[in-house]
Amino acid sequence: MEHVSIDLWAANLEPGVPDLQTWLAQLDARAAQTAALGAQMLVLPEFACAQWLTFAPLDMPKENTLGWLYECGEHALDAIAEMTTRHGISILPGTIPFAAGNKDGVPTYLNRAWLLTPDGARHSQDKLSLTPLEAQGAGGVTVHGDSINVIEWNGLRLAMIICLDSEFTDLWSRLGALDLDVIIVPAKTDMITGYNRVFGCARARAIELQTVVCVLGAVGVPFGQPVTDTGVGGASVFLPCDVNVSLDGCHATLAPQTAAMMTDHVLMAADIPVGAVRRLRNGHAEAEVCPAQWDAGHLTVNDPA
């Protein structure tokens with residue numbers, strides 16, 4: 001595949017929905033638009049499922065939040081799988097809590113991203129590191145994943161990296177050895193500082209790994225106050241900065257979206273040049289520089305301390 005088109009939906013989590021069927025109908029409408037425009041994938045941000053909390057039982061204990069979202073997710077994933085087949089596109093519906101068994105008699109959950117494809121496959125990736133809020137057990141006990149999953153998709157090698165995981169250099173050094181064509185980063189950041197960290201790291205890694213990095217974040221939070229909420233969303237597709245693919249390393253971008261803006265935009269990233277980027281990365285085309293092929297293993301460190 002020489003080019004791929006991906007729609008990145010910076011979903012607004014502020015508006016309430018009355019039930020899961022309404023949420024699924026909205027997703028179905030978006031998927032139909034993606035298919036009609038010839039894109040191959042629709043991506044939602046981390047914890048897009050948090051919008052379901054607007055129809056959660058009013059008397060649900062806070063510590064049961066993750067478990068309730070997991071149960072809703074099992075129904076939603078079946079419906080989304082049917083959508084992918086009907087529309088002929090892949091859908092990454094953000095992340096949804098996934099049951100990971102009991103620890104000390106208490107249910108635990110992974111923060112799991114899913115990629116569902118028209119052939120019926122369900123690929124997953126668990127978040128590898130926890131935010132302080134997740135580590136404190138907000139809404140239930142979250143545990144981290146322990147593996148990187150490489151996905152073969154439409155002839156491309158793809159990986160999903162969730163929000164905070166994008167900020168860790170050691171993880172990207174592992175990803176750099178995997179010859180990945182596309183890395184997708186679904187995120188949800190609570191402040192502009194988090195947005196800038198995640199998106200800044202994504203842009204840098206596209207240059208360093210000579211690959212395509214797609215990153216998006218949700219706008220706002222459920223039950224929020226848009227005027228004062230600090231959560232910032234957006235979407236971008238980053239490429240290596242090379243005269244053969246992109247002069248600025250930015251293939252497509254949606255500027256930061258604050259909750260007060262009340263936006264719910266889709267970034268339609270058409271004709272991402274994955275083939276040209278792959279040839280640069282693998283040395284099959286002339287590149288200005290080749291950071292993906294450089295190895296620091298031969299260096300010695302001189303440190304008086």
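Classified by interplanar angle (parallel below 30°, tilted 30° to 60°, perpendicular above 60°), the ring pair F98/W114 is perpendicular.
Qualifying side-chain contact (heavy atoms from CB on, under 4.5 Å) partners for S246, counting only residues two or more places apart in sequence or in other chains: L239, D248. Scanning for salt bridge (charged side-chain N to carboxylate O under 4.0 Å, His left out) contacts around R205 gives E208, with sequence neighbours left out. In terms of the salt bridge (charged side-chain N to carboxylate O under 4.0 Å, His left out) criterion, residue partners of R279 (sequence neighbours excluded) are, by chain and number, E2. With sequence neighbours left out, the side-chain contact (heavy atoms from CB on, under 4.5 Å) criterion links D242 to N244, V245, L280, A287, E288.
For residues 257-272, every residue pair satisfying the salt bridge (charged side-chain N to carboxylate O under 4.0 Å, His left out) rule, not counting sequence neighbours, is listed here: R30-D264. Among residues at least two apart or in separate chains, side-chain hydrogen bond (donor to acceptor under 3.5 Å, both in side chains) pairs with a member in residues 51-60 are W23-Q51. Applying the salt bridge (charged side-chain N to carboxylate O under 4.0 Å, His left out) test to pairs two or more places apart or on separate chains, those with a residue in residues 92-118 are R112-D126. The salt bridge (charged side-chain N to carboxylate O under 4.0 Å, His left out) analysis of residues 189-201, with sequence neighbours excluded, yields the pairs E167-R197, K188-D190. Contacts classified as ring pair (Phe, Tyr, Trp, His ring centres under 6.0 Å) and involving residues 245-301 (residues at least two apart or in different chains) are given here: W294-H298. For residues 16-25, no residue pair satisfies the salt bridge (charged side-chain N to carboxylate O under 4.0 Å, His left out) rule, not counting sequence neighbours.
In this structure, a donor-acceptor pair under 3.5 Å is present between the side chains of W153 and S90. Inspection of the D7 and Q33 side chains reveals no N or O donor paired with an N or O acceptor under 3.5 Å. Checked by atom type, the side-chain pair T263/Q257 shows a donor-acceptor distance below 3.5 Å.
Heavy-atom contacts from other residues, nucleotides or ligands closer than 6.0 Å to CG of D78 number more than 12. For M191, the CE atom sits in a loose shell: 12 or fewer heavy atoms of surrounding residues, nucleotides or ligands are nearer than 6.0 Å. When the shell of 6.0 Å around CD of E286 is examined, it contains 12 or fewer heavy atoms from other residues, nucleotides or ligands.
M1 and L42 are assigned to two separate hydrophobic clusters, defined by single-linkage of ILVMFWY side chains at heavy-atom distances under 4.5 Å.
In this structure, L178 belongs to a hydrophobic cluster whose other members, linked by side-chain heavy atoms under 4.5 Å apart, are L128, I148, V150, I161, L164, F168, L171, W172, L175, L180, I183, V185, I192, Y195, V198, F199, L209, V213, V215, V232, F238. Apart from M261 itself, the hydrophobic cluster it occupies contains nothing, where clustering links Ile, Leu, Val, Met, Phe, Trp and Tyr at side-chain heavy-atom distances under 4.5 Å.
Once rounded to the nearest 0.5 Å, the distance linking CD1 of I184 with SG of C214 reads 5.5 Å.
Under the side-chain contact (heavy atoms from CB on, under 4.5 Å) rule, P45 has a single partner from T95, L216, L8, which is L216.
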Begin from the C-alpha positions of N111 and E134 and carry the test side chain to side chain donor-acceptor pair (under 3.5 Å) through to its verdict.
CA-CA 9 Å; N111 185 359; E134 288 171 319; 3.2 Å; yes
Between N12 and M262, is a side-chain contact (heavy atoms from CB on, under 4.5 Å) present by the stated rule, with each step listed?
CA-CA 7 Å; N12 191 327; M262 290 301 292; 4.2 Å; yes
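Checking side-chain atoms of E14 against main-chain N and O of A260 turns up no donor-acceptor pair under 3.5 Å. Of the possible polar contacts, none joining the Q40 side chain to the V4 backbone as a donor-acceptor pair under 3.5 Å is found. Side-chain atoms of T108 never come within 3.5 Å of backbone atoms of V143 as a donor-acceptor pair (strictly under, hydrogens ignored).
Here the closest heavy-atom approach between residue C49 and residue P97 is recorded as SG-CD, 3.9 Å.
A salt bridge does not link D165 to K127: none of the charged nitrogens lies less than 4.0 Å from a carboxylate oxygen. A salt bridge does not link D181 to R157: none of the charged nitrogens lies less than 4.0 Å from a carboxylate oxygen.
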